[in-house]
Amino acid sequence: VQLVQSGAEVKRPGASVKVSCKATGETLSSHGISWVRQAPGQGLEWMGWISAYSGNTLYAQKFQGRVSMTTDTSTNTAYMELRSLKSDDTAVYYCARCSGGSCYFNSFDPWGQGTLVTVSS
Amino acid sequence: DIQMTQSPPSLSASVGDRVTITCRASQGISDYLAWSQQRPGKVPKLLIYAASILQSGAPSRFSGNGSGTDFTLTISSLQPEDVAIYYCQHYNGAPWTFGQGTKVEIK
């Protein structure tokens with residue numbers, strides 16, 4: 001399985017961005033997808049996950065109210081939308097498959113290639 | 001939230017050296033611990049899961065150990081292609097958290 005993400009984005013503060021993550025080689029609906037971001041020169045930060053089977057989501061408290069994760073099983077694609085962007089949202093955003101049907105008690109593999117989102121006025 | 005603390009933050013070793021990185025969880029996580037490698041400019045790649053199981057395709061010089069709160073990642077014979085940042089991550093439940101990373105360089 002491979003996860004192919006959408007291309008780089010440049011956004012103004014206050015805008016929204018929607019990043020896609022398309023699975024090839026395997027059906028997405030039997031897995032969970034986590035989203036992780038990495039600010040320039042920084043470590044990894046988990047944002048939330050979605051069950052592609054049920055559509056259930058769980059978001060990190062830091063992003064509650066500002067993030068939405070969805071899936072489209074007809075196109076085998078997961079999406080992450082982040083709203084009210086700030087300059088410190090500038091980061092590479094990764095999707096990662098959870099190795100079981102859920103992200104609970106399952107590691108992340110593989111990862112998408114990453115999508116750079118730059119927030120700048 | 002469970003805090004993951006790695007040590008050292010960085011290390012420099014010679015080719016062929018044995019290298020060990022430590023990860024400590026702020027509370028017990030059983031063996032729900034993964035190690036990932038991020039080479040410069042690349043995507044994180046899973047090396048070890050369940051604390052000690054080598055991911056398919058990962059070189060056998062990598063090994064993991066530990067359970068509960070204390071874990072180690074060992075490279076038995078450091079190679080030039082091992083230059084990377086290594087992250088531990090728990091998946092014992094939300095929120096999933098990562099260590100701050102250990103940067104491995106060649107001396």
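Both backbone and side-chain heavy atoms feed into the values below; hydrogens, waters and symmetry mates do not. We name chains A, B, ... by the order of the sequence lines, and we start the count at 1 in each one. On a predicted model such as this, the values are computed, not experimentally measured, just so you know.
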Sort A/L44 into side chain, backbone, both or neither according to what part of it lies under 4.5 angstrom from a heavy atom of chain B.
both
Are A/V19 and A/I33 in one and the same hydrophobic cluster, where Ile, Leu, Val, Met, Phe, Trp and Tyr link if side-chain heavy atoms are under 4.5 Å apart?
yes
Within a radius of less than 6.0 Å around OH of A/Y53, do more than 12 heavy atoms belonging to other residues, nucleotides or ligands occur?
no
Residue, of B/Q100, B/H90, B/Q55, B/K45, that accumulates the most heavy atom pairs under 4.5 Å with chain A:
B/Q55
Between B/A94 and A/W46, the two heavy atoms sitting closest are CB-CH2, 4.2 Å
First locate atom CG of B/D31, then atom CZ of A/F105, and finally report the distance between them rounded to the nearest 0.5 Å.
11.0 Å
Surrounding CD of A/Q2 (heavy atoms of other residues, nucleotides or ligands, distance under 6.0 Å), is the total greater than 12?
no
State plainly whether one hydrophobic cluster holds both A/L116 and A/M47, where clusters connect Ile, Leu, Val, Met, Phe, Trp and Tyr through side-chain heavy atoms under 4.5 angstrom apart.
no
Does CZ in B/R61 sit with more than 12 non-hydrogen atoms of other residues, nucleotides or ligands closer than 6.0 Å?
yes
Is atom NZ of A/K11 surrounded by more than 12 heavy atoms (other residues, nucleotides or ligands) closer than 6.0 Å?
yes
Quick one, A/N106 with B/Y49, criterion side-chain contact (heavy atoms from CB on, under 4.5 Å). Give me CA distance, side-chain angles, the key distance, then yes/no.
CA-CA 9 Å; A/N106 285 299; B/Y49 64 97; over 6 Å; no
Does a sphere of radius 6.0 Å around NZ in B/K103 hold more than 12 heavy atoms from other residues, nucleotides or ligands, not counting ones at 6.0 Å or beyond?
no
Between OG1 on residue B/T97 and CD on residue A/E45, distance to nearest 0.5 Å:
11.0 Å
Is a side-chain donor or acceptor of B/W96 paired with a backbone partner of A/C103 at a separation under 3.5 angstrom?
yes
Do the side chains of B/W35 and B/V19 join up, straight or via other hydrophobic residues, at under 4.5 Å, putting them in one cluster?
yes
Distance only, no hydrogens: is a donor on one side chain within 3.5 Å (strictly under) of an acceptor on the other, for B/Q38 and A/Q38?
yes
Nearest 0.5 Å please: distance from the OG atom of A/S107 over to the CD1 atom of B/I53.
9.0 Å
Against chain B, label A/V92 side chain, backbone, both or neither, depending on which of its atoms sit under 4.5 Å from a heavy atom there.
neither
In this structure, are over 12 heavy atoms from other groups packed under 6.0 Å from A/Q61 atom CD?
no
Whatever's closer than 4.5 Å to a heavy atom in chain B on A/F108 counts as both
Of all the heavy-atom pairs spanning A/W111 and B/V43, show the shortest one and how long it is.
CB-CG1, 3.4 Å
How long is the straight-line distance from OG of A/S99 back to CG of B/L46, given to the nearest 0.5 Å?
8.0 Å
